[in-house]
Amino acid sequence: MPELPEVENTRRYLIESRVEGVQIVSATVTWGNSVKHPQLEDFVLDIQGETIQSIGRRGKYILLNLVSGRILVLHLGMTGGIRVQRRDQNPSDMVRHFFDLYDGRQIRFIDPRKFGHMWLVDDFQQVSHKMGPEPLEPTFTSNVLRQIVNARQIPIKALLLDQAAIAGIGNLYADEVLFLSGIYPGAIAADLSDSSIELLHRSILSTLARSISLYDVDRKALWPEPSFGLPNWTMKRIIGAPCIQCGNPMDMIKVRGRSSYYCPQCQLRTN
DNA sequence: AGTACGTCCTGATCGC
DNA sequence: TGCGATCAGGACGTAC
């Protein structure tokens, strides 16, 4: 569920926490399956003494660019979150991994469901080779989106979830932008009209930007903090809940096994 | 090229 | 009340 905005805000949080330029003196991994590459023993040993140079992001991946040129790549999975805390501050049970910093703090990887992953690589390509464009880059124009959409004979919902098509959108944002665009989740991508794609493009940009801004307004809105909530979702993800636009009951279909909430009145099957 | 399903996990929720 | 079954979900692998 951490999708592009939550990951971007986690990146901003790390920068504001001033971990750039700080050395990692040791690492503790309590759930070895999280480490994907290379071997676990190498991972812990290799990370020692590395200094964080800068914090980046690609899609849903957080990139800790290290002075050596290597990259510590973090993926939050479904329930993962990052916090920077003093070593003497009691960690929650859900902290799976610790990176001890030279200044006495720790970068803590919280991950209740253990779906998060970590890599230490020379090149991000080693983690993910095929990734679609960043939707918030200026180069992601409606023309670019139209080319992507026109080329695929799959449900638009499935396309939005395909990280090789567009990077960073997950199940919740996909439903959100389809609702705002009035597009039925099961509609075949290549069948969408130019005007629908135009609307979809605008919805993607505005929805992602709005969610990122929540953290800029309130620093407590950092995933997975439940107190502030994430974006102001236009739907409650409950079958039968009234649509905020027309009042008719919302429904849910499965698209490629993913729950897809939509309004049968506002999201017609023809676009 | 596209679809279906299994895998990894745990906590919330459902049915009996 | 309490217990077991089911589901959710990101990314990837395998089979068709």
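Computed over heavy atoms, backbone and side chain alike; hydrogens, waters and symmetry mates excluded. Just so it is clear: chains get the letters A, B, ... in the order the sequence lines come, proteins before strands, and each one is counted from 1.
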Margin query: Nearest whole Å is fine: how far is C:dA8 C1' from A:Glu3 CD?
Written below: 13 Å

Check: How about A:Tyr13 and A:Tyr215: are their ring centroids closer than 6.0 Å?
Finding: no

Notebook entry, point to check: So what does A:Thr79 hit on the nucleic acid, given a heavy-atom distance under 4.0 Å: a base, only sugar-phosphate, or nothing?
Noted result: nothing

Item checked: Length of the CD1-C1' vector between A:Ile238 and B:dA12, whole Å -> 14 Å

Next item on the list: State whether A:Glu134 and A:Arg57 are salt-bridged, where the test is any N-O pair (Lys NZ or Arg NE/NH1/NH2 against Asp/Glu carboxylate O) under 4.0 Å.
Entry: yes

Next item on the list: Decide whether A:Gln85 and A:Arg83 meet the rule of one side-chain donor and one side-chain acceptor closer than 3.5 Å.
Entry: no

Margin query: For the CZ atom of A:Phe109 and the NE2 atom of A:His117, what is their distance to the nearest 0.5 Å?
Written below: 9.0 Å

Checklist line | A:Leu172 side-chain proximity, nearest of B:dT3, B:dT10, C:dG9 | finding: C:dG9

Note to self: Judged by each residue's nearest nucleotide on DNA chain B, which is more toward the 5′ side, A:Arg152 or A:Pro112?
What the structure shows: A:Arg152

Margin query: What is the distance, to the nearest angstrom, from the CE atom on A:Met118 to the C1' atom on B:dC8?
Written below: 16 Å

Note to self: Across nucleotides 11-16 of chain C, 5' to 3', mark each nucleotide with B, S or - according to how protein heavy atoms within less than 4.0 Å reach it.
What the structure shows: BS----

Note to self: Expressed as a whole number of angstroms, how long is the span from A:Gln153:CD to B:dT3:P?
What the structure shows: 9 Å

Notebook entry, point to check: Given atom CG of A:Asp175 and atom C1' of C:dG10, what is their separation to the nearest angstrom?
Noted result: 15 Å

Notebook entry, point to check: So, is A:Trp31 near the phosphate of B:dC8, with a side-chain N or O under 4.0 Å from OP1 or OP2?
Noted result: no

Next item on the list: Taking all heavy atoms of A:Ala27 and all of A:Ile47, pick out the closest pair and write down the distance.
Entry: CB-CG2, 3.2 Å

Next item on the list: Look at the side-chain N and O atoms of A:Lys114 and state whether any lies under 4.0 Å from the OP1 or OP2 oxygen of B:dC8.
Entry: no

Next item on the list: Determine the contact category for A:Pro2: base if any of its heavy atoms lies under 4.0 Å from a base atom, sugar-phosphate if only primed atoms, P, OP1 or OP2 are that close, otherwise nothing.
Entry: nothing

Checklist line | Ring-base stacking, A:Phe115 with C:dG10 (5.5 Å, 30° cut-offs) | finding: no

Checklist line | Non-hydrogen side-chain atoms of A:Ile204 and A:Leu160 separated by less than 4.5 Å | finding: yes

Notebook entry, point to check: For the pair made of CD1 in A:Ile156 and C1' in B:dG2, what is the distance, rounded to whole Å?
Noted result: 15 Å

Note to self: Nearest whole Å is fine: how far is B:dT13 P from A:Arg237 CZ?
What the structure shows: 15 Å

Checklist line | salt bridge (charged side-chain N to carboxylate O under 4.0 Å, His left out) assessment of A:Arg152 paired with A:Asp162 | finding: CA-CA 11 Å; A:Arg152 304 292 296 276; A:Asp162 181 359; 3.3 Å; yes

Checklist line | Nucleotide nearest A:Met94 (side chain, heavy atoms from C-beta), chosen from B:dG2, B:dG11, C:dG9 | finding: B:dG11

Notebook entry, point to check: Which part of the nucleic acid, if any, lies within contact of A:Lys254, taking any heavy atom under 4.0 Å across all strands shown: a base, the sugar-phosphate backbone alone, or nothing?
Noted result: sugar-phosphate

Next item on the list: Could you tell me which residues satisfy side chain to side chain contact (heavy atoms under 4.5 Å, CB included) with A:Pro264, sequence neighbours excluded, listed by chain and number?
Entry: A:Asp251, A:Tyr262

Checklist line | A:Asn33 side-chain proximity, nearest of B:dT3, B:dC8, C:dG9 | finding: B:dC8

Notebook entry, point to check: Ignoring hydrogens and angles, are the base of C:dA8 and the side chain of A:Arg113 linked by a donor-acceptor pair under 3.5 Å?
Noted result: yes

Margin query: Whole angstroms only, please: what is the NE2-P distance between A:His117 and C:dG9?
Written below: 17 Å

